[in-house]
K.L.:
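Just passing along the structure, written as structure tokens.
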Amino acid sequence: MTEPTPNPDQQRLIENTDGIYVVDAGAGTGKTFAITRRYAEIVDQPSVEPEDVLLVTFTRSAATEMKERIVDHSTYSLRELADGSIQTFHSHCFDILQEHGYRAPTHLGLDERITGSTRVIEDELVENELFREFIDQFRDSHPEYADVFRELSDPLELLDVVSELASKGVFPTTDGWYRDGEDALDGDFDAFESLFDDVNQPRNDGRKQSRLRQKLNGYGRNKTYLPDAPAKAELRGDGKKQVPARVAQLVFDEDRAELKSFVHAIYVEYLEFALRRNYLTFGFLQLFAFVLLCEDDSLRERAAFDYVMVDEFQDTSEIQFKLALLLAGTDNICVVGDWKQSIYSFQYADVENILQFEARLDRFTDDLDDDRKRIQFDTGEVERIELTENYRSTQTVLDFSEEALVTPATGRDDVDEAVLDDVVSLSSNAAFDNTTIGGVHHPDEHEAVLSTIQDVVGNEEYAVEDEDGTRRPPTYGDVAVLTRTRDFGRELLTVADEYDFPMAYDGGIELFRTDQAKLLLAWLRILDSDADRGWAVVLEEAGYTLDEVDHILDTRDYPANMTAFRDDLDERAAVGAVARAVFDRYGFTGEYADVILHTIQSVHKSSTLTRGDLIQLIERGIENGSTHDVFTSAGVDSVTVQTIHSAKGLEYPIVVLANMNSGKFPPNGGGSSVVEYTEPVGLRQRKQYATVAEHPHVYDNWRHDVIRHCLSRDYDEERRLLYVAITRAENHVIFTGGEDPNTFFEELPCTTRAGDPVVETVDRSTTAQTQLPFSIVTPDGPTGHTPHTLMDDDVFTDDATEADSVEFRGREFGSRVHDFAEAYALGEDVAPTTGDTDDERHVKALLDSLSGDLHVEERAVLPLDVNGERVTISGVVDLVHATPAEIEIIDYKTDRTRRGETEYRKQLSAYYHVLSECFPDKPVTASLYYTATGEREFIDPLTRDQLRDLVSNIES
DNA sequence: CGCGACCAACTTTTT
DNA sequence: GTTGGTCGCG
């Protein structure tokens, strides 16, 4: 939420465009507003153009939002800003490499090149598969590392190592390490010693041993070390409450030459592998961009900006901080962030970047200037600006949010209250503060959440305030359920569905844990080996009882229609065709099925996927919960379910923070309230090896068993997560827990009560909304495709081979125009990559003639009551164009000869009704735009009754 | 009150 | 890998 006039703090940030600034912008302080105004201030100077300014955001959607908001406050249009650099680190690095990256690998001694066709692997699953493939061949070609591999439980850990090193700027060259990379690997004894000392302080005024000494009590338990390992007593010392100081040196000094050479070999050969396969990972994008900017002085000067701004600075990694410095041609640097919202350490974000900004600025500058001057400005003067006025939440919520930062996560967790010294307290500008903060717990937590929301909706006690100051009871749309895990969100949606409760999930979904993927896996297993665990799933889904399933499995007397389908599947050679047939059988035509197919196909491109491979792929996907974004829109009046991470930057009048359960939030640890000893103490079998010689692969690293206790492990980030969740709320916060709520739930200073959930089924038969996709059945076209995929008709005929369809889809005419339109509407620079056909020119002309908000690919769902049953029509149109005067729905078609006119009409009409409800005050029009002729045809929307008739005819 | 030993239960987020 | 709970010892 933003205010039209900047407050004095914001004004200071906006006006002070020259020099180095660190902005502590707490939650809801109008950070985006201020930063966009600042950008506008900078580019509105006559001597400055958008391309002189780099504005880095953390997500692509944030970049888009920034652009849109800057347009409102500067003399530049969205088109002109497309040339300016408002983007993520990753996409900026990609641009640099596209333009100048050809020889970048040579700076590391690599012979491969980065070309215009080098892809970026965004899908984690695909990246993992590629890495596995690399490791398999690495293993074969390096028998000398067989011993090391025996110690690894999962080769993917090596990908972690490589990624983490890349995020910290440690890169290999063909014959060593890049710049001072090896120093980082060797470490710094003084720094280590100070960590060591920290955990080695006696506690309770010297009466209690140090944390380190206590931890070392488990040293060597169930292990057999190599003979050179010191004894436990020697490490822990005796009589004192501390570990002897010399132990620090003892564990630090280790010959890691072999380990380093192994990691080096993996790292450098993986880089070669990726380049040969013509792809880069997110991490490698930054790696090569950094190398290029470091080595090529003239390029660095050309690529440098007069102004650099970094948003969400608490989410930056070490390499990103350094990249920002290399991209800054002057000392006009401004970083904006909030350390309290640093929750991405698993993605290598380093909260110290913002907390220790000045020290790191000096250190990184020195590093970069090590051999020659690269940073051409003085870093001496750094100014801090604090934004303290909060436009989102009530003062009660703000005060409460600080409590979250010092709430213990476990019973033994002692929180350092000193963190509050770093907190810049916020003051609310809300006039209305009727905030309730409380907790509800019940064993049926899903029901408890739903029932609590129903208590709140329409309840005057939970009144919320609209932007114009009017107070009203809340609706479903005012509520967001935030969870730490996607699992909980998915379960909650399943339960919500039973009550027809209006609820939509927003964000990544664990694609391989959906019914679609599980049934596909089942059929693949049936094809592979008539496996019971395949048949069991299929039979159960078909409605057989457990007894019946058992009987069928015993007798192997499968239903005839199923064996027929199996034989039919068996004739399809390509796995993609198998998957499509399975989805068709079950009517899975929505977004999930599409994304699964797409994922299979993208793996298929890089290797020939057999059924066995695909089974493995899905099994792994289920195991590690790989996620894929599924397209959803926020409902018109439905509760939003999100993970806390994905809700960052958003705000809701009422926040329900769910799943506050023991052992799940915080992640580790747990504990049981009832202890049952199943065997007498002392009889537990020890996993101890008689001699090391018997098991030469045992690699118990005694040094590491000490060192790991010195690395800080605390719950600070969990508390920050709590902080982020609470500060999403404008008015009310409700915590919910299950049977055994966790320490946060107990310790947070608010009242909690046991719930008594009664969920009422919701009648949604008349309300239009946008939500998760629902499948469509068309009378005369292929089933279940959105308007623009209908153009793929001929691609989906049975006799088209898999390879044909994959290749053909990529180059498919209609899709290309669609992609072009989307990219162009988003302000991306599309001309060089997509050519300049007549169709694209038409689309361009149309888009240029429009001003206002363009919403690309919004999905709408219109529920209809058909013969007493609720049926929904779902649609995706290419563009929604919103101006102050009207709403236009626009869909691109190549020409009039395509099939599926009825379907277009149906979907445009459904869309018309949904948007008419969303915007009751504005006229809504629906039109088709024929790119072959440039004609625009306005459609008379079908009435609800007509739609109902149409749908019931199709159904019967 | 501190210490040690032991068992059992839990282990996420995504550019 | 971390935690909660319990038991026994000093």
Side-chain angles (χ1 to χ4, degrees), chain A residues 56-63 87-94 120-125 127 163 167 202-211 213-219 221-222 232 236 241 281-283 285-286 312 315-317 320 342-349 408-413 482-489 507-510 624-629 642-648 659 661-686 704-705 708-709 711 713-715 717-718 720-721 724-725 740 742-743:
Chain A
V56 184
T57 61
F58 198 57
T59 65
R60 282 184 207 138
S61 57
Q87 46 187 341
T88 62
F89 272 111
H90 294 105
S91 51
H92 189 64
C93 289
F94 181 74
V120 179
I121 302 293
E122 301 198 8
D123 190 318
E124 193 194 340
L125 193 79
E127 186 185 348
S163 305
S167 81
R203 292 170 288 178
N204 288 9
D205 299 322
R207 279 177 291 122
K208 191 173 174 177
Q209 67 179 333
S210 75
R211 196 177 173 75
R213 190 172 186 280
Q214 185 181 23
K215 291 273 184 194
L216 284 178
N217 191 27
Y219 174 83
R221 191 171 294 162
N222 302 333
K232 176 172 163 182
R236 298 184 72 229
K241 299 287 184 183
T281 65
F282 277 132
L285 277 178
Q286 296 180 151
E312 305 283 10
D315 293 332
T316 52
S317 61
Q320 287 168 338
S342 176
I343 54 173
Y344 282 96
S345 66
F346 63 92
Q347 228 175 252
Y348 313 112
T410 72
R412 296 175 190 179
D413 188 22
L482 303 185
T483 81
R484 210 173 69 88
T485 65
R486 286 183 304 263
D487 270 352
F488 184 86
I509 204 101
E510 287 130 320
N624 57 28
S626 315
T627 61
H628 299 261
D629 273 340
Q642 282 175 307
T643 59
I644 301 172
H645 283 86
S646 66
K648 216 173 143 187
N659 203 18
N661 290 334
S662 158
K664 288 184 178 161
F665 184 84
N668 295 323
S672 53
S673 44
V674 185
V675 178
E676 288 172 26
Y677 289 102
T678 50
E679 54 183 341
V681 173
L683 287 185
R684 198 166 66 99
Q685 201 184 357
R686 287 187 180 216
H704 180 254
D705 287 351
R708 66 190 164 88
H709 300 305
L711 304 175
R713 226 218 83 84
D714 52 44
Y715 289 106
E717 188 159 319
E718 294 296 331
R720 296 199 293 263
L721 202 59
V724 170
D740 183 19
N742 64 12
T743 312

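Every chain is numbered from 1 and lettered A, B, ... according to where its sequence line falls, protein lines coming before strand lines. Remember, predicted model here, so these are calculated numbers, not experimental data.
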K.L.:
Can you tell which of B:dT15, C:dT2, B:dT12 lies closest to the side chain of A:Tyr715?
P.N.:
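From the listed options, C:dT2 comes nearest.
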
K.L.:
Nearest nucleotide by nearest heavy atom, which residue falls closer to the 5' end of DNA chain B, A:Lys208 or A:His90?
P.N.:
A:Lys208

K.L.:
Do you know which of A:Asp315, A:Val56, A:Thr57 makes side-chain contact (heavy atoms from CB on, under 4.5 Å) with A:Phe89?
P.N.:
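Between A:Phe89 and the candidates, side-chain contact (heavy atoms from CB on, under 4.5 Å) is satisfied uniquely by A:Val56.
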
K.L.:
Taking only side-chain N and O atoms of A:Lys232, does any of them lie within less than 4.0 angstrom of OP1 or OP2 on B:dG4?
P.N.:
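No, A:Lys232 has no side-chain N/O under 4.0 Å of OP1/OP2 on B:dG4.
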
K.L.:
Given 3.5 Å as the limit, does a donor-acceptor pair link the side chain of A:Tyr344 with the main chain of A:His645, or not?
P.N.:
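Indeed, once roles are kept as given, a pair shorter than 3.5 Å links the two residues.
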
K.L.:
Identify which nucleotide among B:dG2, B:dT14, B:dT15 has an atom closest to any side-chain atom of A:Lys241, counting heavy atoms from C-beta outward.
P.N.:
B:dG2

K.L.:
Please name all residues satisfying side-chain contact (heavy atoms from CB on, under 4.5 Å) with A:Tyr219, sequence neighbours left out, ordered by chain then number.
P.N.:
A:Leu216, A:Tyr225, A:Ala229, A:Pro230, A:Lys232, A:Leu235, A:Trp702, A:Asp705, A:Val706

K.L.:
Atom CD of A:Gln87 to atom P of B:dT15: distance rounded to whole Å?
P.N.:
17 Å

K.L.:
Using a 4.0 Å heavy-atom cut-off, does A:Lys215 contact any base of the nucleic acid, only the sugar-phosphate backbone, or nothing at all?
P.N.:
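Counting heavy atoms under 4.0 Å across all strands, the contact made by A:Lys215 is with sugar-phosphate only.
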
K.L.:
With a 3.5 Å cut-off and heavy atoms only, can you find an N or O donor on one side and an acceptor on the other between the side chain of A:Arg484 and the base of B:dT13?
P.N.:
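Flag unset: no donor-acceptor pair detected.
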
K.L.:
Tell me what A:Arg720 touches on the nucleic acid: a base, only sugar-phosphate, or nothing, going by heavy atoms under 4.0 Å.
P.N.:
nothing

K.L.:
Is any side-chain nitrogen or oxygen of A:Asn217 closer than 4.0 Å to OP1 or OP2 of B:dA5?
P.N.:
yes

K.L.:
Taking only the side-chain nitrogens and oxygens of A:Ser646, find out if one of them lies under 4.0 Å from OP1 or OP2 of B:dT13.
P.N.:
no

K.L.:
Just to verify, what does A:Thr281 make a side chain to side chain donor-acceptor pair (under 3.5 Å) with, not counting sequence neighbours?
P.N.:
none

K.L.:
Starting at atom CD1 of A:Ile644, determine the distance to atom P of B:dT14, rounded to an integer number of angstrom.
P.N.:
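To the nearest whole Å, that distance equals 10 Å.
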
K.L.:
Separation of A:Tyr219 atom OH from C:dG1 atom P, in whole Å?
P.N.:
15 Å

K.L.:
Taking 4.0 Å as the cut-off, does a side-chain nitrogen or oxygen of A:Arg203 come that near to OP1 or OP2 on B:dG2?
P.N.:
no

K.L.:
Any idea which of B:dG4, B:dT12, B:dT14 is nearest the A:Glu718 side chain?
P.N.:
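Closest of the options to the side chain of A:Glu718: B:dT12.
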
K.L.:
Looking only at the side chain of A:Arg213 (C-beta and beyond, no hydrogens), which of the listed nucleotides B:dT13, C:dT3, B:dG4 gets closest?
P.N.:
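So the nucleotide nearest the side chain must be B:dG4.
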
K.L.:
If only side-chain N and O atoms of A:Arg207 are considered, is one of them under 4.0 Å from the OP1 or OP2 phosphate oxygen of B:dC1?
P.N.:
no

K.L.:
Once you round it to whole Å, what is the distance between C1' of B:dT12 and NE2 of A:His645?
P.N.:
8 Å

K.L.:
Without decimals, in angstroms, what is the distance between A:Asn661 CG and C:dT3 C1'?
P.N.:
16 Å

K.L.:
What is the distance, rounded to the nearest whole Å, between atom CG of A:Leu721 and atom P of B:dT12?
P.N.:
13 Å

K.L.:
Among B:dT13, B:dG2, C:dG4, which nucleotide has an atom closest to any side-chain atom of A:Thr410?
P.N.:
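Looking only at side-chain atoms, A:Thr410 lies closest to C:dG4.
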
K.L.:
Picking from B:dT12, C:dG1, B:dG4, which would you name as closest to the side chain of A:Arg708?
P.N.:
C:dG1

K.L.:
Do the side chain of A:Arg203 and the main chain of A:Lys208 share a donor and acceptor less than 3.5 angstrom apart?
P.N.:
no

K.L.:
Mapping A:Ser210 and A:Thr483 onto DNA chain B by nearest heavy atom, which one lands closer to the 5' end?
P.N.:
A:Ser210

K.L.:
To the nearest angstrom, how far is A:Gln209 atom CD from B:dG4 atom P?
P.N.:
4 Å

K.L.:
To the nearest Å, how far apart are A:Ile343 CD1 and B:dT12 C1'?
P.N.:
11 Å

K.L.:
Would a distance-only check, ignoring hydrogens and angles, find a side-chain to backbone donor-acceptor pair under 3.5 Å from A:Gln320 to A:Ser317?
P.N.:
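Looks like yes, one N/O pair under 3.5 Å.
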
